[in-house]
Amino acid sequence: MDWTEDLNAAQLEAVEATEGPVLVLAGPGSGKTRVLTCRVAFLVGERGVAPWHILAVTFTNKAAREMRGRLELLLGEQLQRLTLGTFHATCARILRGEAEHTPFSRDYVIYDSSDQLAAVAQAVAELNLDEKRYQPQALRAVISRAKNELIGPDEYRPQTYWEEVASRVYARYQDILRVNDALDFDDLLMATVQLFRHNEGMLARYQQRYQYILVDEWQDTNVAQYELVKLLGARHRNVFVVGDPDQSIYRFRGADYRNVHRFEDDYPEARVILLERNYRSTQTVLDVANAIISPSPNRHPKVLYTQEEAGAPIVVQELYDEDEEASFVVEEIAQLVARGYNPGECAVMYRTNAQSRALEDAFIRRGLPYHLVGATRFYARREIKDLLAYLRIIHNPYDGLSLERVMNVPPRGIGPRTRHELDEWRLAEGLATYDAVQLLRENDFEAPLSGRSRKVLADLGALWGELVNARSMLPLPRLLDLVMERTDYEAHIRDGTEEGEERWANVMELRAVAHAHGDLPPEEGLSSFLEKVALVSDVDDLQEQADVPTLLTLHMAKGLEFQAVFMVGMEEGLLPHSRSLEDPEQLEEERRLCYVGITRAKERLYLLYTFRRAFFGDSGSDVRLPSRFLSEIPPELIEGREKELAHAPADREARRYRLQTQWAQEAEEPVMAQFSVGDRVRHPAFGSGIVMDSRVSSGDEEVVVAFEEVGIKRLLVSLAKLEFRH
DNA sequence: GTGGCCCCTGTTTTT
DNA sequence: CAGGGGCCAC
């Protein structure tokens, strides 16, 4: 096997420079994933390095999975002894393996951000603080920032009175996690660093093991991650990092692109390799990208270029509002598809998840499928969190937060009063909830509880005890079924509403995920499943080959590429986001976010903005200004009549007037409803159905049809080819 | 005491 | 529009 095949000189250099520290500055589309993969293959296949000695860190689980797949293809063997994963997954595994050296058990639970919030709220309540003044959200952010900078509760030095309170909340929060045998995302990193700092022998063992370290997306590492790499690589110094400061977009999460320069300080002997040649986009797209990023101050100048053709000009277009913007996107995709584009090669990107709604509506109205990444994340859905909480309290009965969540779900008569009684008693006795409710099952056991409370709690104890007993007997899917059966969860969730059906479908999907998790022995299956679902991100679930357009945030788009990219909401206040306007550093990050979006496009790029946009519901509709970034694009790269408009602010008033009146006229045009309730109709794709509702709005007729085959759909008569069935 | 209903508020980005 | 908190009827 020839590893050097198809690599350019710079890529080859990066692959073969195996000894000593290497910093690769890789522009978008410059083949860095290939370089990483080839380098591992080269180490194993050419240099004879055992996979056991390699640690490769990627940004998402999906990237790790893909890399492993490619390596197995290249090397033709299983690479089970290779450590390959995200920082968080890698740390989670180390901590589990070294649990006896930590304050946690092997079965510790991983808290996600909503769990964190609940724990912060609990800390605030326990300290009798006012939630208005000390908002759990803000406190969580402060705690998270501290942890990302490796500042524990004892080292935290408050500068203000508010921070003084925050430090107390931090300490209390950390105690709560300890009692619940839980770690949050940030703890996974911080605890691992602390583990190594306090156990020299163990650190030496890991240093000896990880002789070659590779890290992707280096510009998005935080202090904790930087420190971890520094510790592990200190002995062999074969640290290979790939990054692009221009694509640093996770500052809010503690990431610091200055880690790129810091690397050069810490490893003065480092070789620096620049990858500028782009293999993804047309020169036009790259010119736009260069124009957007070059005003950014303090950057290492780096100019993207390609040897491919210039390509089509980009489209910059103003639409009336978010609905029209969405319809434009859908229509344009339909036309691209008609011209031979694969729908799966089109993506719509936006700054905030809330923007997906108008887009979804447009796709639904047009009767076209789409794939939404994120939004209400699958694992953040209530029904999913409920069932996972049951699995967690089975796995680890001391996870109090998960218990809190499902103690009364489905409702079983355990309200605040009963809880209070229980807590008064069990805390006085020093009992964990699990042990307390087990005691209540014994008839002759004396406890200061009202009869009613005692009964419902004993019932809970019986249920919980049964489930915990089943833990070691039943494989994961059957355990999940038992939870649903014993809690009568289906009846709880499936309330006859459409939403209930949707939730039930999610439950079925979770069940499928559990089934697909593998035939591990009962307890191991449960444990690895819980770890996996705690650490997956939504991009991870993205099935690329799915033949439909993808809707996703700009953040989630990092690392992906599409033939055609639509960036919607290119407006002041959205991109750059209003929350970033005061801080120049944050504003620069918005610029980079814009750059990331643009450089996802291979051939076609659409930058869209609206004249007005509704925010929550209808309550706030706001006149918009085009994004400042648009004015930095050289006009010759832009197609069509909008190119002058985007550059002539004086013209904007006239254009507004035109758009507004045009819209108003269209809206006033009387449209007669063609269909009425009860009509039998046929749709080319959905088959036959019956009209359930019809109304005229926005100059079109909107009908709701119950189809025999595919259920209820909402359609626009002007778009859907509906005909009467006789 | 509990559970359902209504009103209020408030939108960045996520491992 | 949606999640959370407060209020009122069982």
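Naming: A, B, ... by sequence-line order, numbering from 1 per chain.
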(message) Expressed as a whole number of angstroms, how long is the span from His555(A):NE2 to dT15(B):C1'?
(response) 12 Å

(request) Side chain of Thr553(A) only, please: which of dT13(B), dT15(B), dA2(C) is the nearest? (result) dT13(B)

(message) On DNA chain B, does the nearest nucleotide to Arg579(A) precede the nearest nucleotide to Asn408(A) from the 5' side, or the other way round? Give the residue.
(response) Asn408(A)

(message) For a quick check of understanding: with a heavy-atom distance under 4.0 Å over all strands, which category does Phe87(A) fall into, base, sugar-phosphate or nothing?
(response) nothing

(request) Evaluate the ring planes of His88(A) and Phe185(A), with Trp represented by its six-membered ring, and classify them as parallel (under 30°), tilted (30 to 60°) or perpendicular (over 60°). (result) perpendicular

(request) Side chain of Arg417(A) only, please: which of dG1(B), dT15(B), dT12(B) is the nearest? (result) dG1(B)

(request) Rounded off to whole Å, could you give me the CG-to-P distance for the Leu552(A) and dT12(B) pair? (result) 19 Å

(message) Check this for me: does any side-chain nitrogen of one of Arg299(A) and Asp246(A) sit under 4.0 Å from a carboxylate oxygen of the other?
(response) yes

(request) Report the relative orientation of the aromatic rings in Tyr320(A) and Phe611(A); use parallel for angles under 30°, tilted for 30 to 60°, perpendicular for over 60°. (result) tilted

(request) Scan Arg251(A) against the nucleic acid and name what it touches under 4.0 Å (heavy atoms): base, sugar-phosphate only, or nothing. (result) nothing

(message) Just the rounded figure in Å: distance from C1' of dT12(B) to CG of Leu575(A).
(response) 11 Å

(message) I'd like to know if His577(A) reaches the base of dT12(B) with its side chain, counting only an N/O donor and acceptor under 3.5 Å.
(response) no

(message) Under 6.0 Å from the ring centre and within 45 degrees of the ring axis: does the NZ or CZ of Arg96(A) meet both conditions for the six-membered ring of Tyr108(A)?
(response) yes

(message) Does a side-chain N or O of Asn61(A) approach OP1 or OP2 of dT15(B) to a distance below 4.0 Å, or not?
(response) no

(message) Regarding Asp112(A), tell me which of base, sugar-phosphate or nothing describes its non-hydrogen contacts under 4.0 Å with the strands shown.
(response) nothing

(message) Under 4.0 Å, heavy atoms only, any strand: does Gln586(A) hit a base, just the sugar-phosphate, or nothing?
(response) base

(message) Output the rounded distance in Å from CZ (Arg351(A)) to C1' (dT12(B)).
(response) 5 Å

(message) Measuring only the P atom in each nucleotide, how far is dT13(B) from dG4(C)? A whole number of Å is fine.
(response) 16 Å

(message) Starting the side chain at C-beta, find the nucleotide from dT14(B), dC1(C), dT12(B) nearest to Glu590(A).
(response) dT12(B)

(request) Would you say whether Phe252(A) stacks on dT13(B)? The test is a distance between ring centres of less than 5.5 Å and an angle between planes of less than 30°. (result) yes

(request) Find the distance Tyr111(A):OH to dT15(B):C1' and express it as a whole number of Å. (result) 18 Å

(request) Please state how far atom CZ in Arg592(A) lies from atom P in dT13(B), giving the value in whole angstrom units. (result) 18 Å

(request) Name the closest nucleotide to the Arg253(A) side chain, picking from dT15(B), dG3(B), dT2(B). (result) dT15(B)

(request) For dG5(C) versus dT12(B), give the span between their C1' atoms, rounded off to a whole number of Å. (result) 24 Å

(request) May I have the distance from Met567(A) (atom CE) to dT13(B) (atom C1'), rounded to whole angstrom? (result) 14 Å

(message) Closest approach to the side chain of Thr418(A), judged atom by atom: which nucleotide of dG1(B), dT14(B), dG3(B) is it?
(response) dG1(B)

(message) Between Gln225(A) and Asp220(A), do the side chains contain a donor N or O and an acceptor N or O under 3.5 Å apart?
(response) no

(message) Checking contacts here: which listed nucleotide (dT15(B), dT14(B), dA2(C)) is nearest the side-chain heavy atoms of Thr86(A)?
(response) dT15(B)

(message) Is the phosphate of dT15(B) approached by Asn148(A) (side-chain N or O, under 4.0 Å from OP1 or OP2)?
(response) no

(request) With Arg253(A) as the cation and Tyr250(A) as the aromatic partner, state whether NZ or CZ is under 6.0 Å from the six-membered ring centre and within 45° of the axis. (result) yes

(request) To the nearest Å, give me how far apart CG (Leu560(A)) and C1' (dT14(B)) are. (result) 15 Å

